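Just so you know, these numbers come straight off a predicted model, no measurement behind them. Atoms within each ligand, like the ligands themselves, are counted from 1 in listed order.
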Amino acid sequence: MRTPLVAGNWKMNLQYAEAMTLVDAIVDGLPENNGAEIVLAPPTIYLHDVLDRIQRKPGIALSAQDVSAYERGAFTGEVAASMLASVGVEYVIVGHSERREYHHEDHPLLAAKVDRVLEQSLLPIFCCGEKLDDRTAGRHFELIEQQLHESLFHLSPEKVTECVIAYEPVWAIGTGVVATTGQAQEMHRFIRQLLFARYGEPIASEMRILYGGSVNATNASDLFTCPDVDGGLVGGASLKAVDFLSIIAAAGTNR
Ligand code: 13P
């Protein structure tokens, strides 16, 4: 049985005081035994203070939004996986479409980031997803397969089980156009079949595959009823405590 996971990716939003208010509201509003694992991914500069506040409640983990592909050294502005581990981070988002698009992150770089994360016993949330023109041209399955093969499937079975996969169709991110349950389930099933082909049944059925892209308090419940959708990676709606808490409740209910 896979425990659902709901991760809030705050991206580059919120000033310090707003961020602390949000985390307090989430911690205070979260019922005990909500049935889902919660992950918060604030901007790097807030990681330490968010950790201080989430420790009041079990079941909430901290994630970074990105990591350097290098271990240490002269890489001005970058943050190493070892540094994230040293301040209590547990998860790291790798391969978000915004990093692929605006920072030109390619498959080998993302494979290196996944390796750095795992070397520090952190858990990657590996994002994959197609653009609208890829879907229109019918290339979406092929593209997702390539993203997984090139940046994740080099891992051993022991290592890959540490990962969470997030399917985030680029056309659904921040657009209000959510994938239909049919589209989400179809792609999640495909990803699970790829895991099966590469790693076998136990691993394919154990690994969590999250959906991301315009998840909100209204559509979460339908998405989470899909058998291969194990939770969500939430952007905009994770910035409002009430909405994020409803999404968490929907994940817990559909367990
Ligand atoms: P939205 O929920 O704002 O569409 O963002 C999704 C996302 O990119 C999460 O990583």
Side-chain angles (χ1 to χ4, degrees), residues 4-14 18-19 22-23 26 36-44 46-47 50 60-67 89-103 105 110 113-114 117 123-132 134-135 140 143-144 147-148 151-152 163-181 183-184 187-188 191 208-224 226 229-251:
L5 191 157
V6 178
N9 176 8
W10 297 1
K11 308 191 181 182
M12 197 173 74
N13 291 297
L14 307 175
E18 296 167 328
L22 175 60
V23 67
I26 293 168
E37 184 181 348
I38 317 306
V39 174
L40 298 181
T44 314
Y46 305 149
L47 282 170
V50 168
I60 313 181
L62 189 64
S63 175
Q65 296 178 13
D66 184 35
V67 67
V89 167
E90 287 181 55
Y91 286 89
V92 182
I93 298 172
V94 176
H96 194 281
S97 62
E98 289 148 17
R99 303 269 344 153
R100 293 177 190 262
E101 176 81 11
Y102 307 135
H103 301 271
E105 298 195 353
L110 296 177
K113 289 190 176 200
V114 166
V117 170
L123 310 171
I125 299 175
F126 182 80
C127 301
C128 56
E130 82 285 357
K131 294 184 188 168
L132 186 57
D134 296 316
R135 182 165 276 268
H140 44 302
L143 207 117
I144 300 302
Q147 291 175 349
L148 293 172
S151 305
L152 207 63
C163 302
V164 173
I165 294 173
Y167 169 58
E168 297 206 304
V170 180
W171 46 269
I173 295 180
T175 58
V177 182
V178 67
T180 63
T181 50
Q183 288 170 325
M187 186 57 86
H188 282 234
I191 293 170
R208 288 179 294 189
I209 308 171
L210 313 182
Y211 169 81
S214 295
V215 176
N216 61 32
T218 311
N219 60 30
S221 191
D222 280 349
L223 285 164
F224 297 161
C226 298
V229 175
D230 305 313
L233 179 53
V234 187
S238 73
L239 300 173
K240 293 195 194 114
V242 178
D243 292 4
F244 191 57
L245 288 167
S246 311
I247 295 168
I248 292 166

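Taken to the nearest 0.5 Å, the CG atom of L223 stands 10.5 Å off from the CD atom of Q183. Rounded to the nearest 0.5 angstrom, L22 CG and L239 CG are separated by 6.5 Å. D66 CG to H103 NE2: the interatomic distance, rounded to the nearest 0.5 Å, is 7.5 Å. Note that the CD1 atom of I125 and the CD1 atom of I165 stand 12.0 Å from one another [nearest 0.5 Å]. How far CG of L210 is from CZ of F224: 8.5 Å, rounded to the nearest 0.5 Å. Between Y167 atom OH and Q147 atom CD the span is 9.5 Å, to the nearest 0.5 Å.
Within the 4.0 Å heavy-atom cutoff, A237 does not count among the residues contacting ligand 1. Using a 4.0 Å heavy-atom cutoff, A172 is listed among the residues neighbouring ligand 1.
Residue T175 has no N or O atom closer than 3.5 Å to an N or O atom of ligand 1. Considering backbone and side-chain atoms together, E168 places an N or O closer than 3.5 Å to an N or O of ligand 1. An N or O contact shorter than 3.5 Å links G235 to ligand 1 by distance. Remark: ligand 1 and G236 share an N or O pair separated by less than 3.5 Å (distance only, no angle test). Considering both main-chain and side-chain atoms, G174 comes within under 3.5 Å of ligand 1 through a nitrogen or oxygen pair.
Of all atoms in ligand 1, numbered sequentially from 1 with element shown, those under 4.0 Å from a heavy atom of G213 are 4 (O), 6 (C). Close approach to N9 involves these atoms of ligand 1, each under 4.0 Å from a residue heavy atom: 9 (C), 10 (O). The L233 neighbourhood of ligand 1 comprises atoms 9 (C), 10 (O), with distances under 4.0 Å to a heavy atom of that residue.
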Original post:
Between V170 and R100, is a side-chain contact (heavy atoms from CB on, under 4.5 Å) present by the stated rule, with each step listed?
Top reply: CA-CA 11 Å; V170 180; R100 293 177 190 262; over 6 Å; no
Original post:
How far apart are the C-alpha atoms of Q65 and H96, what are their side-chain angles, what is the distance that settles it, and do they pass the side chain to side chain donor-acceptor pair (under 3.5 Å) test?
Top reply: CA-CA 8 Å; Q65 296 178 13; H96 194 281; over 6 Å; no
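Of the protein's non-hydrogen atoms, the one nearest atom 5 (O) of ligand 1 is K11 NZ, 3.3 Å.
Proximity of I173 to ligand 1, defined as any heavy-atom pair under 4.0 Å, is shared by backbone and side chain alike.
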